[in-house]
Engineer: 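I'd like to ask you about the structure that follows.
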Amino acid sequence: MKLSKGYLVVFEGIDGTGKSTQSRLLMEDLRARELPVQLLAEPTQGFWGQKIRKLLKEGRGYISPEEELSWFINDRREDVEKNIRPGLERNTILLLDRYYYSTAAYQGALGMDPLKICRDNENFAPKPDLVFLFMLSPEKSLERIRNSRDDISSFEKLEYLKSVSRIFESFEDPVIRKIDSDQPVEVVHDRLKRELDHLLAAKA
């Protein structure tokens with residue numbers, strides 16, 4: 001099935017909220033329906049993305065918030081150039097696990113202006129057609145993380161995540177759908193399918 005345009009659908013929220021699981025499930029559903037879809041994630045596997053992943057694993061150390069932000073921006077510029085714009089031009093549904101809302105929330109929790117970060121990113125990064133913002137308490141998110149893997153990144157500290165979560169909650173935009181992810185996986189998945197189907201029908 002061909003689409004008349006491309007769509008950018010973003011999955012946001014702190015780690016442990018289920019966004020990565022849900023993005024994979026939605027990709028599988030769209031493929032089963034023979035719709036053109038591609039699953040992407042940030043940080044990417046590129047040069048800057050690898051630097052960020054090392055930071056997540058080893059801790060911030062001497063890196064300032066400003067330098068850290070520049071790494072995310074550089075990684076996103078590469079992602080926009082190599083993956084996002086080409087995918088949209090191919091009339092593909094792009095499912096993106098994290099985008100500039102995450103950068104705004106995580107860097108905002110370090111004292112930077114989250115709204116300015118969003119505005120600066122929108123100068124070069126396409127605005128999403130739909131954003132699924134997964135809402136779950138930091139306490140439950142950390143519990144899920146501890147139950148699912150051995151290592152916890154330097155970004156996954158309770159007080160820090162509380163600040164990040166508050167910033168996520170403050171975002172208001174017509175494209176944002178706040179998703180209660182403290183529900184069964186199937187219930188969340190059905191909600192996402194309905195929201196995406198509504199978007200595709202509206203733009204058809």
Engineer: Please report the interatomic distance CD1(I52) to CD(Q50), rounded to the nearest 0.5 Å.
Structural biologist: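 Rounded to the nearest 0.5 Å, the CD1-CD separation comes out at 10.0 Å.
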Engineer: Quick one: does S23's side chain have a donor or acceptor within less than 3.5 Å of a partner on L95's backbone?
Structural biologist: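 No.
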Engineer: Look at the aromatic rings of F134 and F11 and report parallel, tilted or perpendicular, splitting at 30° and 60°.
Structural biologist: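 The rings of F134 and F11 lie parallel, inter-plane angle below 30°.
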Engineer: I need the L3 CG to T92 OG1 distance, nearest 0.5 Å.
Structural biologist: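 It comes to 8.0 Å.
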Engineer: Are Y160 and L158 co-members of a hydrophobic cluster defined by side-chain heavy atoms under 4.5 Å apart?
Structural biologist: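 Yes.
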Engineer: Work out which heavy atom in P86 is nearest to a heavy atom in V80; give both atom names and the distance.
Structural biologist: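 Minimum heavy-atom separation between P86 and V80: CD-O, 3.6 Å.
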Engineer: Which is it for L96 and I84 under the side chain to side chain contact (heavy atoms under 4.5 Å, CB included) test, yes or no, and what are the steps along the way?
Structural biologist: CA-CA 9 Å; L96 179 53; I84 296 175; 3.9 Å; yes
Engineer: Between the side chain of S181 and the main-chain N/O of M135, is any donor-acceptor distance below 3.5 Å?
Structural biologist: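 Flag set: sc S181 to bb M135 pair under 3.5 Å.
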Engineer: Does one hydrophobic cluster hold both V37 and L25, with members joined at side-chain heavy-atom distances below 4.5 Å?
Structural biologist: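 In one cluster: no.
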Engineer: Kindly check if the number of other-residue, nucleotide or ligand heavy atoms within 6.0 Å of CZ (R33) is above 12?
Structural biologist: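 Counting neighbours around CZ of R33, more than 12 heavy atoms of other residues, nucleotides or ligands fall under 6.0 Å, so yes.
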Engineer: Does R98 form a salt bridge (Lys or Arg N to Asp or Glu O under 4.0 Å) with D79? I'd like the steps, not just the answer.
Structural biologist: CA-CA 12 Å; R98 292 204 185 283; D79 200 22; over 6 Å; no
Engineer: Would you give the length of the straight line joining atom CD1 of I167 to atom OG of S102, rounded to the nearest 0.5 angstrom?
Structural biologist: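 With rounding to 0.5 Å, CD1 (I167) is 11.0 Å from OG (S102).
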Engineer: Does the side chain of L130 reach to within under 4.5 Å of the side chain of R177, using non-hydrogen atoms?
Structural biologist: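 Of all side-chain heavy-atom pairs linking R177 with L130, at least one is under 4.5 Å.
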Engineer: Mind listing the closest non-hydrogen atom pair of V164 and A109 along with its distance?
Structural biologist: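 In terms of heavy atoms, the two residues are closest at CG2-CB, 3.6 Å.
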Engineer: Report the C-alpha separation of R191 and Q183 in whole Å, then their side-chain angles, then the decisive distance to 0.1 Å, and conclude whether the side chain to side chain donor-acceptor pair (under 3.5 Å) test is met.
Structural biologist: CA-CA 11 Å; R191 164 81 189 278; Q183 301 181 89; over 6 Å; no
Engineer: Please check if atom CD in E34 has more than 12 non-hydrogen atoms from other residues, nucleotides or ligands closer than 6.0 Å.
Structural biologist: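 12 or below, so no.
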Engineer: May I ask you to test the E68-L110 pair for a side-chain heavy-atom distance under 4.5 Å?
Structural biologist: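 A side-chain contact exists here, since the closest heavy-atom pair is under 4.5 Å.
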Engineer: List the steps and the verdict of side chain to side chain contact (heavy atoms under 4.5 Å, CB included) for L136 and I14.
Structural biologist: CA-CA 8 Å; L136 187 68; I14 61 175; 5.9 Å; no
Engineer: Indicate the atoms forming the closest heavy-atom contact of E169 with E172, along with that distance.
Structural biologist: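 Heavy atoms of E169 and E172 come nearest at O-OE2, 4.2 Å.
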Engineer: Specify the closest pair of heavy atoms between L94 and N83, including all atoms of both residues, with the distance to one decimal.
Structural biologist: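 Looking at all heavy atoms of both residues, the closest pair is CD1-O, 4.2 Å.
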Engineer: Please give me the minimum heavy-atom distance between G108 and P114, naming the atom from each residue.
Structural biologist: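 G108 and P114 have their closest heavy atoms at CA-CD, 4.3 Å.
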Engineer: Does a side-chain N-to-carboxylate-O contact under 4.0 Å join E186 and K193?
Structural biologist: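 Salt bridge: no.
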Engineer: Would you find a donor on one side and an acceptor on the other, under 3.5 Å apart, between the side chain of K127 and the backbone of E122?
Structural biologist: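 No; zero donor-acceptor contacts below 3.5 Å.
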Engineer: So V9 and L192, side chain to side chain contact (heavy atoms under 4.5 Å, CB included) or not? Walk me through it.
Structural biologist: CA-CA 10 Å; V9 180; L192 269 54; over 6 Å; no
Engineer: Enter the distance from T17:OG1 to D182:CG here, rounded to the nearest 0.5 Å.
Structural biologist: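 These two atoms lie 11.0 Å from each other.
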Engineer: Report yes if the side chains of L26 and I93 come closer than 4.5 Å at any heavy-atom pair, otherwise no.
Structural biologist: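 Not in contact.
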Engineer: State the CG-CG distance between L161 and D15, to the nearest 0.5 angstrom.
Structural biologist: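 It is 7.5 Å, given to the nearest 0.5 Å.
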Engineer: Looking at G49, is its backbone amide N or carbonyl O close enough to the side chain of D75 to form a donor-acceptor pair, meaning the two atoms are under 3.5 Å apart?
Structural biologist: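 Here the side-chain-to-backbone pair exists.
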Engineer: Report whether V185 and I179 are members of the same hydrophobic cluster (ILVMFWY, side-chain heavy atoms less than 4.5 Å apart, transitive linking).
Structural biologist: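 No, separate clusters.
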Engineer: May I ask you to decide if E66's main-chain N or O and Q107's side chain share a donor-acceptor pair within less than 3.5 Å?
Structural biologist: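 Side chain of Q107 to backbone of E66, a donor-acceptor pair under 3.5 Å: no, none is there.
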Engineer: Give a yes or no on whether a salt bridge exists between K162 and E159, defined as a side-chain N under 4.0 angstrom from a carboxylate O.
Structural biologist: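 Judged by the 4.0 Å cut-off on N to carboxylate O distance, K162 and E159 do form a salt bridge.
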Engineer: Could you tell me the separation between the CG atom of L35 and the CG atom of N91, rounded to the nearest 0.5 Å?
Structural biologist: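 Here the interatomic distance stands at 12.0 Å.
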Engineer: Using the salt bridge (Lys or Arg N to Asp or Glu O under 4.0 Å) definition, which of the options K19, R53, R76 pairs with E42?
Structural biologist: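 Running salt bridge (Lys or Arg N to Asp or Glu O under 4.0 Å) over K19, R53, R76 with E42 returns exactly one hit, R76.
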Engineer: Do you reckon L133 sits in the same ILVMFWY cluster as Y100, going by side-chain contacts under 4.5 Å, direct or chained?
Structural biologist: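 They do share one cluster, since a chain of ILVMFWY contacts under 4.5 Å joins L133 to Y100.
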Engineer: Are there more than 12 heavy atoms of other residues, nucleotides or ligands under 6.0 Å from atom CD of E67?
Structural biologist: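 Buried by this count: over 12 neighbours within 6.0 Å.
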Engineer: Does the side chain of T44 come within less than 4.5 Å of K82's, by heavy atoms?
Structural biologist: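 When only atoms from C-beta onward are counted, T44 and K82 do not touch, as no gap falls below 4.5 Å.
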Engineer: Have S141 and R144 got a donor and an acceptor in their side chains that come within less than 3.5 Å?
Structural biologist: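 Absent: no donor and acceptor within the cut-off.
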Engineer: Side-chain contact test, heavy atoms from C-beta onward, threshold under 4.5 Å: evaluate it for Y99 versus V131 and give yes or no.
Structural biologist: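 They are not in side-chain contact.
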Engineer: On the ring face of F124, is R77 found with NZ or CZ under 6.0 Å from the centre and within 45° of the axis?
Structural biologist: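 Yes, a cation-pi geometry.
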Engineer: Just so I know, are the side chains of Q22 and F132 near enough to count as touching, which here means a heavy-atom distance under 4.5 Å?
Structural biologist: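 No, too far: nothing below the 4.5 Å cut-off.
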Engineer: When you compare the side chain of R31 with that of M27, does any pair of heavy atoms fall below 4.5 Å?
Structural biologist: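 Counting from C-beta outward, M27 and R31 do come under 4.5 Å.
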Engineer: For a side chain to side chain contact (heavy atoms under 4.5 Å, CB included) check, start with the C-alpha distance between F168 and Y106, then their side-chain angles and the critical distance, and finish with the verdict.
Structural biologist: CA-CA 9 Å; F168 270 130; Y106 280 86; 4.1 Å; yes
Engineer: Quick one: do K116 and D120 make a salt bridge, cutoff under 4.0 Å?
Structural biologist: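 A salt bridge is present here (some side-chain N lies under 4.0 Å from a carboxylate O).
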